[in-house]
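First up is the structure itself, then whatever we jot down about it.
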Amino acid sequence: MHFKELSFPTNYIWGAAISAAQAEGAVHIDGKLNSIWDDFSKRKWNLNRKIAHHGISHKPLNSAEFYHNFKADIQILKQLNFKAFRFSTAWSRILPNGIGPINQKGIDFYNQLIDELLENNIVPWLTIYHWDLPVALQKKGGWVNRDILNWFEEFTQVLLHHFGDRVLNWMVLNEPLAFTAAGHFLGVHAPGKIGITNFLKATHHALLVQANTGRQIKNINANFKVGTTFSATYITPYSQKPKDIEATKRADALYNRLFLEPYLGMGLPISELPFLNKIEKYTKSEDNYAFDADFIGIQNYTREVAKHNTWMPYIKAGIVPAEKRNVPITAMKWEILPESIYHILKKINQYPNLPPIYLTEVGAAFKDTVSENGDVNDQERIQFFEKYFQQVLRAHQENYTTEGVFVWSLLDNFEWAEGYHPRFGLVHVDFKTQQRIIKQSGKWFKDFLKS
Ligand code: BGC
């Protein structure tokens, strides 16, 4: 099937996405103070691995310098025919100390960004928190301190006050499982914390924040469209042995159900993950994880294969790396399996009263090279998108519909613990010169989205 035959509904939303810590750069400019990622990436060793070096400093410091280039980048976005843009707000650019005095230059930046988008007929979709907590708040315990509920409310209030006249679409958190599990249990993401207590406290507070903030935004204006985003991984068992099948259920509860089900009002998946019972100790009578959202954001990149593993604490399940399974992989070493999204949508659609779904991140990292004539011919990425969208349409035919897609990412950027090596962009960025080259995949979208 050629891409021209990919017939999506005419009102389907087509956007591209970035996040502040990954794309903005300008870390110490115009009053911004450090986020936990600025600190974390400065450490030489981050517990399990070093942020990989590939000839350039792997800190979000420089990155794609979107802060200085946003006008030109929005022109590229427009040229590629996208009509929506998902970005996040750097908390420590707006409130350098996390709470208290506002940094006017931070407000000015996002005001200009939002105005520029609107002037170019591109709808802003704002993510409040994409993993970059101010260091000042981390010093007070960050996500493991229940005060995060008040800090987050204050930050949200500032955003609503300054941007709520022009931004209608709000996403509260980006993939809470990542910053709770990778950041507070495994220690491989900022803030580099480990252990079950940190994980459970951070999880409890993130569950509360994603629901409380939804209510806070709706109370200001019921017309705002509010949701939050979830990672969603298609998980299959390594074998048909009952032990592997049970392990797969536990992995699925952790990867896919922990944050989504409480949000939908279904509570925690305690029967598969009994250790979640310990959260009760931190719970107050007023705590409510449920929120009647306008939409949910789903972000699926791959499939994982799960296997029983007695040594894995708490979930007794391990993941069999894609590299060992002899399957095609991306530069992240993730299996390339576009039908994962079909299975995810089918599975999620079993939930009753599901709000509309947006695919708030879709993309793949490959080892893109710039040819002598200055072209980046990323055919693998084009194929990935074609096949992925075929699977989204397959889901639509079975009534598992979605309302829109945000491509990850507009620009090559800082890929967290992997540094600058994996490139996800539709636009190649030379991190030394900041030169942009629209990749063939970007041109593919330009053609595909042309009206
Ligand atoms: C995150 C992005 C990240 C992408 C690829 C998502 O989990 O939201 O920030 O770059 O995955 O790893």
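One-based numbering, in listed order, for ligands and for the atoms of each.
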Residues two or more places apart in sequence or in another chain: which of them pass salt bridge (Lys or Arg N to Asp or Glu O under 4.0 Å) with K225? none
Tell me, which residues have any heavy atom less than 4.0 Å from some atom of ligand 1? Q22, H130, W131, N174, E175, Q299, Y301, M332, W334, E361, W408, E415, W416, F424
Suppose the criterion is salt bridge (charged side-chain N to carboxylate O under 4.0 Å, His left out): which pairs have a residue in residues 251-270, not counting sequence neighbours? D252-K347, R257-E261, R257-E272
Classify the angle between the aromatic ring planes of F85 and F66 as parallel (below 30°), tilted (30 to 60°) or perpendicular (above 60°). tilted
Does one side chain, of E153 or T156, offer a donor that lies under 3.5 Å from an acceptor on the other? no
Distance-only check: which donor-acceptor pairs under 3.5 Å involve side-chain atoms of residues 174-181, not counting sequence neighbours?
from	atom 1	to	atom 2	distance (Å)
N174	OD1	R86	NH2	2.8
N174	OD1	T229	OG1	3.4
N174	OD1	Q299	NE2	3.2
N174	ND2	H130	NE2	3.0
E175	OE2	Q299	NE2	2.7
T180	OG1	P176	O	2.8
T180	OG1	L177	O	3.2

Indicate yes or no for a side-chain donor-acceptor contact from N103 to the backbone of D30 under 3.5 Å, with no hydrogens or angles considered. yes
